[in-house]
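Read through the structure below, which is laid out as structure tokens, and then see the notes.
Hydrogens, waters and symmetry mates are skipped; everything else that's a heavy atom, side chains included, is used. Below, read A as the first sequence line, B as the second, and so on, with proteins coming before strands; counting in each chain starts at 1.
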Amino acid sequence: MADTPAPARVRFAPSPTGFLHLGGLRTALFDWLFAHHTGGQFILRIEDTDQKRYNPESLQDLMRGLRWLGLEWDEGPDIGGPYAPYIQSERKEAYGKYADWLVENGHAYRCYTTAEELEELRARNLPYDRRHRTLTPEQRAAFEAEGRPSVVRFAAPLTGTTTVHDVIRGDITVENTSVVDPVLLKSDGLPTYHLAVVVDDHLMEITHILRGEEWIPSAPLHKMLFDAFGWPAPEFVHLPVILDPSGKGKMSKRRTVVDGKEFSPFVSDYVTGGYLPDAMFNFLANMGWSFDGDQEIFTRAEAIARFDVKDISPKATALPFSKLDWLNGMYIRQMAPSELHQALVPYLAPALGMSEGDLAHDRRLAELTPLIQERIKLLTDAAPMVDWAFLPAEAITYPDPAQLIGKKLSAAESLDVLAAGAEIVADIEPFEVAALEAAFRSRAEAMAIKVGSFLAPVRVAITGRPVSPPLFESMHVLGREESLARIDNARQALHDYAATLA
RNA sequence: GGCGCAUUCGUCUAGGGGCCCAGGACACAGCCCUCUCAAGGCUGAGACACGAGUUCGAAUCUCGUAUGCGCUACCA
């Protein structure tokens, strides 16, 4: 059964103009998956041929995001490789050389059209009119003598059609005349994307081009270039775009509010937002590809074994973030408690005002972790669930004393409950969860109060909140003295409150 | 406008002529469990864009329409 595909060389080729976003991460993920599936290489190549939009922070963000997800590259700018360098601005001479070759062989020509002239055409909604495609040597010499800057344009075939085979969509055919002699080499001497991508994919022996579907319209041009050079073209795999959660339009490159909720396209926001790399990996792998009809959760190894570019769906997808949250919760519940404890520390330490070192060895957090494990979806959910345990009793105020009154109980009855609770907490031996539970339950029964109602006042007294981790465990975390202090404070608060009611 | 790509529950998807009066998942609703909240279990509601054709038979093939999206730079 094991089909052994030829090792593929696939590259993720972002341009360092902004921060890594989810769409880019998904592309990189598919690159990585396919490379590993075939036993090939995953290559990171930086396409920084647009110096105007270059953003120096971008590269670091890009690499950090990729590594966070676990997408290590086999060749790339920081680790080198047999086809180095992997940053296009450092490969400038090569592009010039290949552009010259095209010019010499009649596949390209120098164009001296000025920006103003181009602007004129655009204003009239006209494409470039190939005006310098057939310049005489004299005309060319005249422009050069003038000192006019020039670009190199591709001399696209003027008749016929070009067909590109896309692995996901099949054949795509366009009229050659629709390719209007695009610029290959800019007047600053750097190549445009079109030249650079073709030259580098060939030089780096890329076998499969995975990129967003916004590149479909220029794929025929790339095919023409491979043909002009006499090089075999790699397989084209155009990935479906990722849409805003609203489902309308390409995912924007900034934080947006959809249905009253803010969502971010930036990977770094998910790192700080408490998401687990494994969950994000699983989530993204399900965008445009699926493991099979009814298994949503799978390991990286399982995905690698099954992944194939030809199974990718051509349909654009809106990101279902609620599913990401669900997945994150699933992965959190699968963690060993000690592992979760460690993962929580960097998120909790600032919120609790503690050092990471202290918190990593804190007994309370170790004890609390398994209690909140099935109650949090994000690592950032933990703080409001455990902060009460790290506060002194005096800091637990009861701004809404009415919360200390149990369901179907009067204030007086609730006061009685707290009194009973204080008695139990003071006397119970040993001060352990099982003993506490047995004592509270039998006392509730003795007082003919439902357990839920009986525990409610105590819960608020102990944690300051009507919703908390399991009560007996919570008291155990605090210890006898601290628990008692809180119940006493709560009794006072409720007593004062009851007085105002009367 | 031109060119291109796409179209199964609200969303992510399975399915590629009969297995489908369409399966799974998230979200949603109800019930169960339960010290709160979760988690878990069960149940429910919910889709083949439309129209022609091909065929004994179409979600699946063909054509058209509609809608959406993308591209149309000396940006990638």
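- Two rings, from A:W289 and A:F307, have their centers less than 6.0 Å apart.
- Within the 4.0 angstrom heavy-atom criterion, no nucleotide atom of any strand lies near A:S178.
- Taking the P atom of each, B:rC50 and B:rA66 are spaced 16 Å apart, rounded to whole Å.
- A:R169 comes within 4.0 angstrom of sugar-phosphate atoms only, judged by non-hydrogen atoms across all strands, and of no base.
- Of all nucleotides listed (B:rC35, B:rC37, B:rC75), B:rC35 comes nearest to the side chain of A:E473.
- Nucleotides B:rC21 and B:rA59 have their C1' atoms positioned 13 Å apart, rounded to a whole Å.
- With distances taken from any side-chain atom of A:S290 to the nucleotides B:rU36, B:rC5, B:rA14, the minimum falls on B:rA14.
- Regarding contacts with the backbone of B:rA73, every side-chain N or O of A:R53 stays at 4.0 angstrom or more from both OP1 and OP2.
- Residue A:K250 places its side chain closer to B:rG70 than to any other of B:rC35, B:rA39, B:rG70.
- Rounded to whole Å, the separation between the C1' atoms of B:rG68 and B:rU8 comes to 16 Å.
- Remark: the A:S468 side chain and the B:rC37 base include no donor-acceptor N/O pair separated by less than 3.5 Å.
- Among the protein residues, A:K377 comes within range of the sugar-phosphate backbone only, with heavy atoms under 4.0 Å from sugar or phosphate atoms but none that close to a base.
- In this pair, A:F321 and A:Y270 present their aromatic rings parallel. The plane angle is below 30°, not in the 30 to 60° band.
- Here the separation of B:rC37 from B:rC33, taken at their P atoms, is 14 Å to the nearest Å.
- The listed nucleotides are B:rC3, B:rC26, B:rU11; the one nearest the side chain of A:V174 is B:rC3.
- B:rG41 and B:rA52: their P atoms are spaced 45 Å apart (whole Å).
- At a threshold of 4.0 angstrom between heavy atoms, the contacts of A:A318 are confined to the sugar-phosphate backbone, with no base atom among them.
- In this structure, the nucleotide among B:rA76, B:rA27, B:rC35 sitting nearest to the side chain of A:R459 is B:rC35.
- In the set B:rG70, B:rC5, B:rG40, B:rG70 carries the atom at the smallest distance from any side-chain atom of A:E214.
- Counting non-hydrogen atoms under 4.0 angstrom, A:L319 reaches nothing in the nucleic acid.
- The aromatic ring centres of A:Y331 and A:W326 sit 6.0 Å or more apart.
- Using a 4.0 Å heavy-atom cutoff across all strands shown, A:L471 reaches at least one base atom of the nucleic acid.
- Within the structure, a side-chain polar atom (N or O) of A:K186 is placed less than 4.0 Å from OP1 or OP2 of B:rC75.
- Among the protein residues, A:G329 comes within range of no part of the nucleic acid, since none of its heavy atoms lies under 4.0 Å from any strand.
- Checked against B:rC75, B:rA25, B:rA6, the side chain of A:K52 finds its nearest nucleotide in B:rC75.
- Among the protein residues, A:T317 comes within range of the sugar-phosphate backbone only, with heavy atoms under 4.0 Å from sugar or phosphate atoms but none that close to a base.
- In this model, the phosphate group of B:rA76 is approached by a side-chain N or O of A:T49 to a distance below 4.0 Å at OP1 or OP2.
- Considering only heavy atoms from C-beta on, A:F281 comes within 4.5 Å of A:L29 through its side chain.
- If you check every strand for non-hydrogen atoms under 4.0 Å, A:R333 touches sugar and phosphate atoms only.
- Using a 4.0 Å heavy-atom cutoff across all strands shown, A:M287 reaches sugar-phosphate atoms only and no base atom.
- Checked for salt-bridge contact, A:R375 and A:D381 miss the test: no charged N lies under 4.0 Å from a carboxylate O.
- When the C1' atom is used for both B:rC9 and B:rG15, the distance is 15 Å, rounded to whole Å.
- As judged by a 4.0 angstrom heavy-atom cut-off over every strand, A:P469 is placed among the base-contacting residues.
- Taking 4.5 Å as the limit, every side-chain heavy atom of A:D201 sits out of range of all side-chain heavy atoms of A:H222.
- Within the nucleic acid shown, A:P314 comes within 4.0 Å of sugar-phosphate atoms alone, with no base atom in reach, counting heavy atoms only.
- Nucleic acid contact class of A:E296 (heavy atoms, under 4.0 Å, all strands): base.
- Of the candidate nucleotides B:rG40, B:rC35, B:rC74, B:rC35 has the atom nearest to the side chain of A:V451.
- When Watson-Crick and G-U wobble pairs are counted only if both distances are under 3.5 Å, B:rC48 pairs with no nucleotide at all.
- A donor N or O paired with an acceptor N or O is found under 3.5 Å between the base of B:rC12 and the side-chain atoms of A:K323.
- Looking at the side chain of A:D294, the nearest of the listed nucleotides B:rC37, B:rC35, B:rG24 is B:rG24.
- Within 4.0 Å (heavy atoms only), A:S313 reaches no atom of the nucleic acid at all.
- Rounded to whole Å, the P atom of B:rA76 lies 14 Å from the corresponding atom of B:rC71.
- As rounded to the nearest Å, B:rC75 and B:rC12 have C1' atoms that lie 32 Å from one another.
- With hydrogens and angles left out, the side chain of A:K315 and the base of B:rA6 share no donor-acceptor pair within 3.5 Å.
- Nearest nucleotide to the A:W326 side chain, out of B:rC26, B:rU36, B:rG4: B:rC26.
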